[in-house]
Structures are given as C-alpha cells and as structure tokens.
Amino acid sequence: MRLPLAVITLSILLCLILAGYASAVEEVKLFGVIQKIVTTTDGTEAAVTMKESTTGTVVVITVIDTLTLDKFRDKRIVEGDDIRCKYEVIGTRKISRLFKKTVGC
Amino acid sequence: MRITKKVIAAFILAAMLPVSAFAADAELQKKIDDLSQQLESLRQQVQKSDEKAKLTEEKVEKTEALAKQTDEKSIGKWLTISGDYRFRVDSLTGNVNSYYNIMDPTFANWMLGQMNGAPPAPPPASGSAAGFRAHNDTLYTNRFGLNLKAKATENVTVKARLLMYKVSGAQNDSSVIGPYFADRSGIFDGTLGHVPSDGQLTVDQAYATWSNIAEQPVWFSVGRRPSAGGSPSNLRNNTEKNGTAGTPALLVDYAFDGMTLGYAPDIETLGSPFIKLCYGRGFESGYSGSTPASNSLGDTDMLGVQIVGYNTDAVTATFQWNHAFNIFNSPAFVTGPYLTQFGGAFSSPSVNLGDIDWYGIDIVGKVDKLGFGNMNWFFDAALSVAQPNGNYVDPFNMTGAPPNRPVMGLMNSGTTTTYGQTKQDKTGWSIFLGGRYDIESTGTKLGFEYNHGSDDWITFAPAADDIWTAKLGTRGDVIETYVIQELPLKPISSILSKVFFKLGYQYYWFNATGSNNWVGSSTNLSNLNSPMNAQMVAPVKTAQDIYGTFEVHF
C-alpha cells in the first residue's frame, strides 16, 4: 500500500512542479518596429519580423491570436508600425501574448 | 625460300614497328603535352576566376553594408508624409426671425432711457428688424492639409499638420462670417485653417510625444494638439479613428495648445483601454502686475480627464470631463466686425466671466456584415454647467452713459445694478447620435446624424467643419445626411489613400438664441417680440446647407 501511495504522491508533486514551471514561463517585453509580416495561407498564424528599438536586434515573433491577425488583414497594423509586444518562448518559437501599437498622443 | 621471304617480311615489319611505335609515342606525348598545357592554362584560368570571385564577393559585402547603412538612414524609415485635399461647394440658406436690434443707435438710446426712468414710450421703428432670408447660393472653398510624422529617437515622435482653407475668389473670410453666430464672427486662434478664409498655410498641429516611458504603456505629449475633428466626426470626414488622440467632438473642437499624460493598462478583457489627463491654454493673458499698464485678466485654461474604459473593434466607450478656468468674454479675433463694434468690447478678451464644467460620453461601435454592408453607429451625450462670477461685459459703457445699462456675463444677462444678484449657474445638455452604413463592394457610404441642444447648452467647438455655425453647439435640432462614393482606384502613396465624392445636406432648427455663444443669456425665439429681448446678432430660426465635395486623401 505504501508503494502505490508513494508513487501517487510523487506523481502529484511532479505535476505541481511542472504546473508551477509552466506558470512561471517568463513573458519577454519587446518594443520595436515591424519589418515584415508573413501570414500563413490559412490565416491562422503570422510570422512577424521585428527590429528591436534599442539594440537593433531582429526578432521573429509568431502571432496566433485572431484579433491581431484581423488587424494584419485589415491593414490596421502594417510594416513600419511601432509595436509593444510581449512574448513567450515555447520550444524554438516566440509566441506573442500581447501585440499592440505603441500608444501616444 | 618461302620461309626466308616470310622471315624477311617479319624482319622488315619488326624493323618498322619501333619506328611507328616511336611515332605513335611521340604523337601521344605531344597530345599529352598539349593536354597538360591546356590543363595548366585552365588551372590558371580557374585560379584567376577564383580570385575574381573573391574580389566580387568582397565588393558585394561592402555594397550590402553600404546599402544597409543607406537604408538605415533612408528618409522613409523615419519620416512619413500624408495629407488631404478637398474642393467643396456649399449652397446656404437661412431664415432670420424678426427681432429688436440693439445695434441700432436710436433703439439703443431708447432702451437706455427706459432703463433709467425715461417716460414710457414705444420703441422706435428703426430698431425693429423684420425677418429675412439670408443666402449664399454657391460658396466654393479649397482646403489642403499636409501631415508630417518624424521618428526622432527611440520612443519619441514629432507630428505636425499644416492646413490651408481658402474661399475661392477671395483672400479673406468676409464671405463666411456674418452677423448670425458668435463662432462665425471672425477668425481666431484655434479656428485658423478650420473656417474658410485666405490661402495662408497655418500650423494646425505640432506636437512631440514620448511613448513607452519607463518601458510602460505611458506617454507624454505636448504642443499644438490634435483636438479638432474628434470622435465621431471621423465618420463624416471619412477618415480613420483617432486612436488615443483627440477628444469627443461634442465637447471640444478647437486647436488647443496644451499637453497630455496618458496611460494604457494591459487589461485584455477591456480591449485597449486608456486614460488621459489633458490640459490646454485657450488664451494667454500676458503680463500682469501693479502698474496701470498691466492687466488683471487671467489666462483661460482647460483641464480634462478622458477615460476610455472599453475599447474594442465592436464598441468603444469614452467618458470625458473638462473644466474651463477664467472663460473670456471674447476670443482675440483676427478678423471680423467685432474688431471695431462697441468700442472693441468684443474684439479680444477683456474680462474673465467664470468657469464651465462639461461631462460627456461618446460611445461608438461597428457591426460587421449587417446585410450587405457594415454599420458604424454612435451615441454621444453631454452636460454643460456654466458658473458665472460677478464680472460682465458692459458694451454701453461710454462717456455720458446712464448708470443702469444692459450687461452680459457668462450665460447670464442683466443690468449693471442687478447682475450680481440675478446671475445663476446655467446647466445645458445635448445629445448627438447617428451612423454610417458602408457598402464595401461598391465603395458607397451612407450617413445620418442628429443632434439636439437645450436652450442653455454651450460647447467649445468653434473649429467644427460646418459653415453656418458648429452644428454640435446648436440650441435646437440639426439633422445631417450624406452619401460618400469612393472611387475604385488602387492606392499608391499609402494603403489609406483614397479619392471620393461626398454629397450632403444639413438642416438646423434653432429654438433659442446664442448657439455657440456663452456671453449673455439665451432667449427662446418665441420671446423675441419683446423689445427688452433685443439682440446683438440676427437670430437665425432655420438654416440649411447643401454641400458637395471632391476629396483626395494621400
């Protein structure tokens, strides 16, 4: 009885640790200019090449939320726009969690 | 013998063999040598080719680096130019109510006499103005605006708008100003470029914005503000929504010099909400002090808070509060008859009349795919609360004038002896609603707007794009309908470039006098038959404007 209980406890602990890790995935902020937007044929995803404002580093962000994809389609966000972005690194991709034009005025 | 012959033949053949073999070897060797030479030549050619390729690669790398440098500095990377041109024709008709004209000297003297104990007498006939029809059958105007946006540094941009609005066949505003409405009595700061006049290019907007302060969605912006043509007038103007810029048109339509501090928190459930603290200077009074030459006039300032609490593509809801300090009796007119009338009492600010509070909401929305088009709609409402101080304008204060004279304060009228006791706060209200139906397949847009203002409604919108008077300041009702037809032409200068015709119709019904004028109390038009309700400006009862435009946005 103790062995299965130990296994169950360890499993629960492992789940909690993994869940904690998942929720602790860091969101990275980025302020930059859109250089290129490439949308997939089915329109469910877009690869946005951004040039970070301070360092000039080029970063490719993957956008999957429909609101932002709609803005690409409607040309409300276009190449050359200044963007405030937050993304998570999942695997080899940087997935956008916030993608908005820089506010001002 | 046969053997011998055979042997001899064999010997001869054998003897010949080395010779031929030698010859073949020599030829082969020659061929080998030739091939070797060719090979060597080819090897040298390849080597030279390799060297050239290396040089070319180095050149390409240098060129790419130079191109990248040039691209970095390319003007298109940091400067955006856009603008608009409009040709407009208006056909204007107005019906003026009969009234008593205080501007008539004989009548003015009679009235002053009656107020100061003269025997009762009927008013002189010269003071009685019959109703009449005012019209301008064709008014042509040209308007040109040029917008510049410069990315100066990381997170700092400068924007400017230069504006020219000219009456065709004139270099002044005399054809659009008249004795009807205070906001169309002349041009002044804040309406330059928004009311037709001469061909001068004025600076309508010029401001710098610092965004992403401390890497937060906070911004600070200062300069000549984009405070004219706010929501929802973008529908009628066929332009894009202002984003975080501007103020609701029902409350403010005026080119203010001022500043904004804004914050846009990331609250996804509310879309893209934001809050702004706005400040503007409406009038700079200059030096004040204790010498006789100095003035005690205060600056006219406006402070406002705008809360856009819900902001999505479907609905945007805005609440705005504004407070104006030290409201002036008159703007500093650049043109118009008030420069000389009444000894200049209404030509420029000379007295602070009190303060005004405004509270307003602006709700705009869009329903996609409603029938065969998209429906844009809006609903605005506002309250104005005028709080007069004890100051007033005394236009009859001349040498020898009697002690008791008519005076005008903030939304109140009275006499020199009673104004202090009779003045009171005045609350007015207004609603503004309408929409525009866009048929994308044909580029046709159909618009309808209605607004109503109470008798004591006052707004701050003299720069509104209306010829008669700012329609949103009307004390009465206004309807407007228009149709826009965009031409199916491919944009070149910008994805937002467009060309369109617009045909529109406005009709005003005025219930009370003094639309867009906070000096003096309003009088219901049905009470103008009393000589004690004499008017300084001709009271328009109804007015219409049929207009057409040809516009290019680039």
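In what follows, chains are A, B, ... by sequence order, proteins preceding strands, each numbered from 1.
Interface remark: of the candidates A:Val78, A:Leu67, A:Asp82, A:Asp82 forms the most heavy-atom pairs closer than 4.5 Å to chain B. Counting heavy-atom pairs closer than 4.5 Å to chain A, the top residue among B:Thr80, B:Asn212, B:Asn155 is B:Asn212. In terms of heavy-atom pairs under 4.5 angstrom with chain A, the leader among B:Thr260, B:Thr312, B:Thr209 is B:Thr209. In terms of non-hydrogen atom pairs under 4.5 Å with chain A, the most contact-rich of B:Lys151, B:Glu240, B:Met259 is B:Lys151.
When the heavy atoms of residues 214-227 of chain B are compared with those of chain A, the residues falling under 4.5 Å are B:Glu215, B:Gln216, B:Pro217, B:Trp219, B:Ser221, B:Arg225, B:Pro226, listed by number.
For B:Trp210, the CH2 atom counts as loosely surrounded, since its 6.0 Å shell holds 12 or fewer non-hydrogen atoms of other residues, nucleotides or ligands. For CD of B:Glu440, the number of neighbouring non-hydrogen atoms (other residues, nucleotides, ligands) closer than 6.0 Å is 12 at most. Shown here is B:Ile492, whose CD1 atom has no more than 12 heavy atoms of other residues, nucleotides or ligands within 6.0 Å.
With rounding to the nearest 0.5 Å, the separation of CD in B:Glu268 from CG in A:Leu98 is 5.5 Å. The CZ atom of A:Arg76 lies 11.0 Å from the CD1 atom of B:Ile495; values are rounded to the nearest 0.5 Å. Note that CG of B:Asp368 is 9.0 Å distant from CG of A:Asp70, once rounded to the nearest 0.5 Å.
Contacts of B:Ser272 with chain A are made by both backbone and side-chain atoms, with heavy-atom separations under 4.5 Å.
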request  = Output, in order, the C-alpha distance, side-chain angles, deciding distance and verdict of side chain to side chain contact (heavy atoms under 4.5 Å, CB included) for B:Lys77 and A:Val33.
outcome  = CA-CA 10 Å; B:Lys77 288 279 183 185; A:Val33 178; over 6 Å; no
From CA spacing to verdict: salt bridge (charged side-chain N to carboxylate O under 4.0 Å, His left out), B:Asp313, A:Lys71 = CA-CA 10 Å; B:Asp313 294 335; A:Lys71 287 180 184 176; 5.2 Å; no
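Between the A:Ser53 side chain and the B:Glu154 main chain, no donor and acceptor come within less than 3.5 Å of each other.
In this structure the side chain of B:Leu496 never reaches within 4.5 angstrom of the side chain of A:Lys75, judged on heavy atoms.
Just one of A:Arg97, A:Lys86, A:Lys29 meets the salt bridge (charged side-chain N to carboxylate O under 4.0 Å, His left out) condition when paired with B:Asp266; it is A:Lys86.
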